[in-house]
Amino acid sequence: MLVVRAINENDLDALYSMATQVGTGMTTLKPDMKMLGDRLATACASFAETIPPEQRDYMFVMEDTSNGRIAGVCAIKGAVGLTEPFYNYRIGTLVHSSRELNVFTKMDTLYLSNDLTGSSELCSLFLHPDYRQGYNGKLLSKSRFLFIAQFPHLFTQKIIAEMRGYQAEDGSSPFYEGLGRHFFKMDFHHVDDLTALGKKSFIAELMPRQPLYIDYLPKEAQEVVGQVHKSTAPARRLLEQEGLHYEGYVDIFDAGPVLQARVSELRAMRDSELAVVAPDTDMTHACAPAHPEPTLVSNTVLKDFRMIITQATPVNGEIDLSTQDLQLLRCHMGDTVRTLPLNVRKNNV
Amino acid sequence: MLVVRAINENDLDALYSMATQVGTGMTTLKPDMKMLGDRLATACASFAETIPPEQRDYMFVMEDTSNGRIAGVCAIKGAVGLTEPFYNYRIGTLVHSSRELNVFTKMDTLYLSNDLTGSSELCSLFLHPDYRQGYNGKLLSKSRFLFIAQFPHLFTQKIIAEMRGYQAEDGSSPFYEGLGRHFFKMDFHHVDDLTALGKKSFIAELMPRQPLYIDYLPKEAQEVVGQVHKSTAPARRLLEQEGLHYEGYVDIFDAGPVLQARVSELRAMRDSELAVVAPDTDMTHACAPAHPEPTLVSNTVLKDFRMIITQATPVNGEIDLSTQDLQLLRCHMGDTVRTLPLNVRKNNV
Amino acid sequence: MYVVRPVEAGDIAALEALAAVTMPGVHTLPKTRDKIEQAVERSIASFAAQVDIPSEESYLFVLESLAERKIVGTAAIFASAGSNGTYFSFRNDVIQQVSRDLNISHSVHALTLCSELTAYSQLSSFYVEEALQERPEAALLSRSRLLFAVQQPQRFGDRFFVPLAGVTDEHGGSPFWDALGRKFFKMDFLDAERVIGGARNRTLIVELMPHYPVYVPLLPGDAQAAMGQIHPSGELAFNLLTEEGFEADEYIDIFDGGPILQAHKHALRTFSSSLTLRVRTGDGQVPEGPLVNYAIANNAGPAFRAVTIASPELEGCEAVALSPELQDILRVAEGDSVTCVRV
Amino acid sequence: MYVVRPVEAGDIAALEALAAVTMPGVHTLPKTRDKIEQAVERSIASFAAQVDIPSEESYLFVLESLAERKIVGTAAIFASAGSNGTYFSFRNDVIQQVSRDLNISHSVHALTLCSELTAYSQLSSFYVEEALQERPEAALLSRSRLLFAVQQPQRFGDRFFVPLAGVTDEHGGSPFWDALGRKFFKMDFLDAERVIGGARNRTLIVELMPHYPVYVPLLPGDAQAAMGQIHPSGELAFNLLTEEGFEADEYIDIFDGGPILQAHKHALRTFSSSLTLRVRTGDGQVPEGPLVNYAIANNAGPAFRAVTIASPELEGCEAVALSPELQDILRVAEGDSVTCVRV
């Protein structure tokens, strides 16, 4: 059985072993014992609330309780850009018009910005290939929204998620070739490796700081602004269903979109409910939907936050969870849990 | 009885007579027969769909059917900034940091932008003082959201509303005094009169075009960025309840906030429902809430869109409207209407 | 024998004929009879005017072949480029980008819309007949404007510039325009030039051109290559002006990217090394020793005249020998002072 | 009698004493023995170096009272201001704002962070003892650097600049800094100057200073008033330099808003009007007629010497009369050539 839970001190080795399998796509999960150890320590301090909210890094692991393996990992950073500047390009609009010539030109413009400074970031999502099936990916990704819905006071700013940008078949980035390349004189993979160290501010230092008309870029670069990497499209859809939106911020390097939301507009904030764990009665049974949908359920304990998927459905503020579910959540009858339908309800309008 | 309805050709005289009572606060409703006549013609063409969506100007009047008076007016512009540039300042963030000196400075920055070009605008709201009571103001303002929820395909872009900015007791604008004044060398009221002609682009032409750190402005100017005029605070709250947000765009002149929303995040899009007009039955009666809340109801006809407030509540897709209500809406039993609770439901979480 | 003199009303027909043969371009003579008449009238009024501060004056000079009684060249100078507005150009800027982490710094070339040339005096409308282009009369014509400015500094700014037409293809297209101006103006290069009448001081430039610096590395190769390149028709002017001391690196034209030569008057040879000498009557003999070409101008304001002579080095002399015929042409007599500079 | 000569190792103690009395400021002499030693060594190496392209050389001159055998002034010139990075300054820009509807146009003054002075040669560290400030020796000292540059143009850029200290209040605060730099650096003016060592070519300037133009009308009145204003201690230097041909309008210092004087070498009197003359031995008699002060320098590279003399007008002369004593001081003999310029 799979449970997503707050990471703890004992997870380091398993985390390292998983990091060795991540590959080059993810910059924040490198198989480096020192780096991982530091990150783990920060995560533990975050759940223990011994460091200020903006320094926190809530890291979750998906554990396969049948064999103790770590099947996946994901995280929420309390705030970005407070120790090192966090840069994006923001896409704005400028209009040039002359009545005399009857010309009206509306142009998209890239502004180098630190606007997202202080936002909380969804990051470091990785699911081991052995577990890429069923609802596992959704459980892992969406568990973070349940956490935010349970502890919204920890997240006072925007929530953001950086999406990997479009790459051509050969792994090159048309946006980089059309823009960054002229200012770096390094090839894409070299810069990619540098950014893999997690330091992107040097990019901004060398990138043009004055606003740029997108029209100055080659067609191929213009076309991929805000486009995700092919393999990232499902992750993007999933976050959009949860209430995140592309609002015109892109990565300065590959123009991948940043998805963002105010905490209050997250589906989890609107649709998640508290429920008391209670045995099924005839009444609740009668009121239960005919075709139950899978439901995300979590306990309500910050230090040992745990989430699962269940087929049980909350009815009138109560939910009947199996003994196994309760064990995974470390909950008991009478405890309060938070529930959220795994899938988005279709609007009935 | 009050009904809010699409304006029509016969309303010109009543509209003019109301415009004479608006005062100087509103730039778009001046007692000028030619201007009002043009606007009315555009509005009629908009409801008749004989002009393209981006040129439309859906204007609504609140009619007191007891005496035929026009008690108020409001409008939705299909798109702003497509014939004359629409300018705002956008507030962004820039971080200046030096590890060597251990300095990290986060600064708010004003960018002159045309980002909101193409947005639909809620505007021209005016309620005659004789009618400023009860739910009248809410009916007038919120009726527009019901219209949008009924015809969302007409509104593909953002919805925005410009709020009047903060003014000191003496009617001066600290933001203007701190910024615009240096570039205009005219006093606030003179510029105010010029903007009253509806042409604001000259302001942008004379305003600094390069990004500006807000820190350069005097303290009093900094403090009022995004602050509304005292008398506008209730209108702001009302729009925020409907799903509009201040996202960092302000007026270039007085720094009043622009509220904005994607159509899909409007409360009316989520919470409004279609219902068939049907007589009350025992069953619906039994299921109705004990303390009915006032409900906005509209017909579903673009050309003669009409909205009222009723005490009836839709239950299971049906609503029982009084004969009077049906007359105001020009509906009959069996017709479909759109309903929206007038007030925002408190979140139950 | 050739003389440079201010244009006169009687020259209009000749100028019209000339305009018909000069190449289509933005910085040359006006093309229509109306415009030519206006330019001539304005020049006559300018030469006649009492001037304390340079303003809307525009001085048009012609090169006349005395043998043929024919106008074979034109050259003009505007007292103040921005007298009717603001003269816009692109300034070549260098933006420093430094990365401490990578320990590298780049210089990035950017073009910034600027109005710094507004108060400069502007040279323009330079044209000489093909046959004369290799002769000292071409230099005489170009330089006469500056000789006049040396004599009448109150009529001009402290700095001068000359826009030269940029490169275009055989269809009149401009690669620089296609990469930049076209994106904002939404029209072809020649259409834009027609609409704006070759001017660089119109409000619509502020309305349409980009307010933020244009990063040169982002321009297509052919547009970059066109920056600061002259149209072949401008080569003679370019060579004469750079010899004079004009520099070409700082500004380019906002439309076609052509070079804008500019200089402080201190840096111009006509200003720094012209001599004021007395006229003495020569004996008509060719002097001994090496000869060099000089431009010689009278100091007669509206009756300005300038010619070239071959003469021994005049540096350190008090007087210059001129034949009675030349004195006639220059309208000077023995003892009058003239302004001389090597060409 | 006073002579200007390159600094020598033996001068270090004297410079240290001098540094103790000169005012605290950023563009004057180094203050500590270590720094002074470095500066002297660097200067000696620079004078001795074969130079094709100006780079990190820094030439330090001293004014010596021969009677007292005492150093009474210093002046330096850096071959290239940005040899260790990029020299940043604010450029005074004018931005044109035009409204067609209102039919008005404004010129708005803005300060733009720029690096245009990077390849310029920089004059600095000018100091003369109070008692000499009214005497021609002050001008001699300031101008010696340029006489050296006239003789050795390959060692210097085509353009020169001099930053002069801006105004500060009695507590060492700078109103210009308070309005600008402080917002980004978050520290007091003197702390910032200490931390950056008076330099204007450090990476942290790019990191912290604003990249967008600063609109001058938005600055508080006292900061605007401080722009381009010199600290009273810089008045002598300012006067000498503007007489020389330096102009003050284009750039100001990014920290205190002090003026940065700059000029193309063509615009400098030392370059445009210095004469190369032969030495002849004077008869020791005071010459007849009006006398003017000249700075006279030998052309001996590392053994550079310059003095002032009162002499009749030398323009048009082939030789300059020097007494045997002066020839000794200048280390020249009859027939040698010297560079002369009026001071």
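These numbers come from a predicted model, not from an experiment. We name chains A, B, ... by the order of the sequence lines, and we start the count at 1 in each one.
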| note | Between C:P213 and A:Q210, the two heavy atoms sitting closest are CD-OE1, 3.4 Å
| field | Part of A:L179 within contact of chain C (heavy atom distance under 4.5 Å) | value | both
| task | Locate the shortest heavy-atom distance separating C:M187 from A:V103; write the atom from each residue and the value. | result | CE-CG2, 4.1 Å
| request: Name the member of A:L101, A:T109, A:L94 that forms the most heavy-atom pairs with chain C at distances under 4.5 Å. | output: A:L101
| field | Short side-chain to backbone donor-acceptor contact, C:Y215 and A:L212, under 3.5 Å | value | no
| field | Minimum heavy-atom distance between A:T105 and C:K186, given as atom pair plus value | value | CG2-CE, 3.4 Å
| query | Using non-hydrogen atoms only, which part of C:P210 is less than 4.5 Å away from chain A: side chain, backbone, both, or neither? | reply | both
| Closest approach of C:L204 and A:S98, non-hydrogen atoms and distance? | CB-OG, 3.7 Å
| query | Which answer fits C:L219, side chain, backbone, both or neither, if we ask what part of it has an atom under 4.5 Å from a heavy atom of chain A? | reply | neither
| query | What closest approach, in Å, do A:H182 and C:L218 show between heavy atoms, and which atom pair accounts for it? | reply | CD2-CD2, 3.5 Å
| Engaged part of A:F183 at the chain C interface, taking heavy atoms whose separation is under 4.5 Å | both
| query | side chain to side chain contact (heavy atoms under 4.5 Å, CB included) between A:H96 and C:H211: does it pass, once the steps are laid out? | reply | CA-CA 10 Å; A:H96 290 247; C:H211 297 284; 4.2 Å; yes
